[in-house]
Amino acid sequence: MKIKNFANHALLAAKITVLRDRRTASPLFARTLHEISVILCALVAADMENTVKQVSTPLVRTRGSATRNPVVLIPILRAGLGMLEGFRTLLPEAATGHVGVERDHDTLKPKFYYYKTPSLKNADVWVLDPMLATGGSLDFALTKLKQGKPRTLRAISVIAAPEGVRLIEKAHPDVRLYTAVIDEKLNNKGYILPGLGDAGDRYFNT
Ligand code: PRP
Ligand code: URA
């Protein structure tokens, strides 16, 4: 599937500018990433499937709806944790699993270090990571999560590089990809330009 991006969303664009600003210190960075995540969750949730549910208002009985399938949220450690509470704000019933992957600074290849999830069988899995750069970390996480036989897989980022988008679209055409924006390119160290620097370091003040 082609990536869905929300580059024309005025409030998202303003908040991403706060994240990009090198002067934005960790507390404001964390709060802004949380706010962006609430907005992104609402946008992605527009694609959820509903089922009919009858409801009685104080006046009449009418046709309403309920979301059909439970969601499992999977933040990719560490920076994905910065998106988790925003998604749990709107999806408080969602179960959460964790996947730990970090990039080797020299090779840019993903290094795997943690995996703990609830059962993914027939679940709608939403993978959270603010940065999609080379795509190596997300490719690795998606490949591993597929072993759990989820019903659907979505991957949601804040800033994506065209290089990473291409890799995921090719390797995982079955995954629904969402990002707030697609930036220009990667630099020779694998950082997204213009980007925001290292999301995990800025979120955790490390
Ligand atoms: C960042 C980011 C992604 C990854 C993206 O994590 O949160 O997981 O890089 O890069 P890629 O698309 O080239 O794989 P990082 O490895 O810096 O770990 P951290 O979140 O613990 O800081
Ligand atoms: N990971 C980040 O945190 N930032 C980038 O620009 C690329 C990968």
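Ligands are counted one by one from 1 in listed order, and the atoms in each one are counted from 1 as well.
- If you check each of Glu102, Arg78, Arg103 against atom 8 (C) of ligand 2, the one with the closest non-hydrogen atom is Arg103.
- Residue contacts with ligand 1 include Asp129, since one of its heavy atoms falls under 4.0 Å from the ligand.
- For ligand 1, the atoms closer than 4.0 angstrom to any heavy atom of Gly200 are 22 (O).
- Near Ala133, meaning under 4.0 Å from any of its heavy atoms, are these atoms of ligand 2: 7 (C), 8 (C).
- Between the side chain of Glu85 and the main chain of His34, no donor-acceptor pair closer than 3.5 Å is present.
- Proximity of a side-chain donor or acceptor of Glu49 to a complementary backbone N or O of Thr67 within less than 3.5 Å is not detected.
- Looking only at heavy atoms of the protein, atom 19 (P) of ligand 1 is closest to Arg78 NE, 3.6 Å.
- With hydrogens and angles ignored, the 3.5 Å screen pairs no side-chain donor or acceptor of Thr24 with any backbone N or O of Leu19.
- By the 4.0 Å N-to-carboxylate-O rule, Arg103 lies too far from Asp198 to be salt-bridged with it.
- Looking at Leu81, Thr134, Asp104, it is Thr134 that brings a heavy atom closest to atom 13 (O) of ligand 1.
- The nearest heavy-atom contact from the protein to atom 14 (O) of ligand 1 is Ser137 OG, 2.6 Å.
- In this structure, Ala161 has no heavy atom closer than 4.0 Å to ligand 2.
- By heavy-atom distance, the residue among Gly197, Ala199, Gly200 lying nearest atom 4 (N) of ligand 2 is Gly197.
- In this structure, the protein non-hydrogen atom closest to atom 1 (N) of ligand 2 is Met131 CB, 4.0 Å.
- A donor-acceptor pair is defined here as one N or O able to donate and one able to accept, closer than 3.5 Å; no such pair exists between the side chain of His172 and the backbone of Val175.
- Listed by number with element, the atoms of ligand 1 under 4.0 angstrom from any heavy atom of Gly135 are 11 (P), 12 (O), 13 (O).
- If you check which protein heavy atom lies closest to atom 18 (O) of ligand 1, you get Glu102 CB, 4.0 Å.
- Atoms of ligand 1 lying under 4.0 Å from any heavy atom of Asp198, numbered from 1 in the order shown and given with element: 17 (O), 22 (O).
- Between Asp174 and Lys146, at least one side-chain N (NZ, or NE/NH1/NH2) sits under 4.0 Å from a carboxylate O, which counts as a salt bridge.
- A salt bridge between Arg20 and Asp183 is present, with a side-chain N of the basic residue lying under 4.0 Å from a carboxylate O of the acidic one.
- The protein non-hydrogen atom at the shortest distance from atom 16 (O) of ligand 1 is Arg103 N, 2.8 Å.
- Counting only heavy atoms of the protein, atom 6 (O) of ligand 2 lies nearest to Ile192 N, 2.8 Å.
- Comment: Asp47 engages Lys4 in a salt bridge, judged by a side-chain N to carboxylate O separation of less than 4.0 angstrom.
- Although no hydrogens or angles enter the test, the distance criterion places no donor-acceptor pair under 3.5 Å between the side chain of Arg154 and the main chain of Val125.
- Taking every heavy atom of Ala79 and a limit of under 4.0 angstrom, the matching atoms of ligand 1 come to 7 (O), 20 (O).
- Checked for salt-bridge contact, Asp124 and Arg151 meet the test: a charged N lies under 4.0 Å from a carboxylate O.
- Closer than 4.0 Å to atom 5 (C) of ligand 1 lies at least one heavy atom of the protein.
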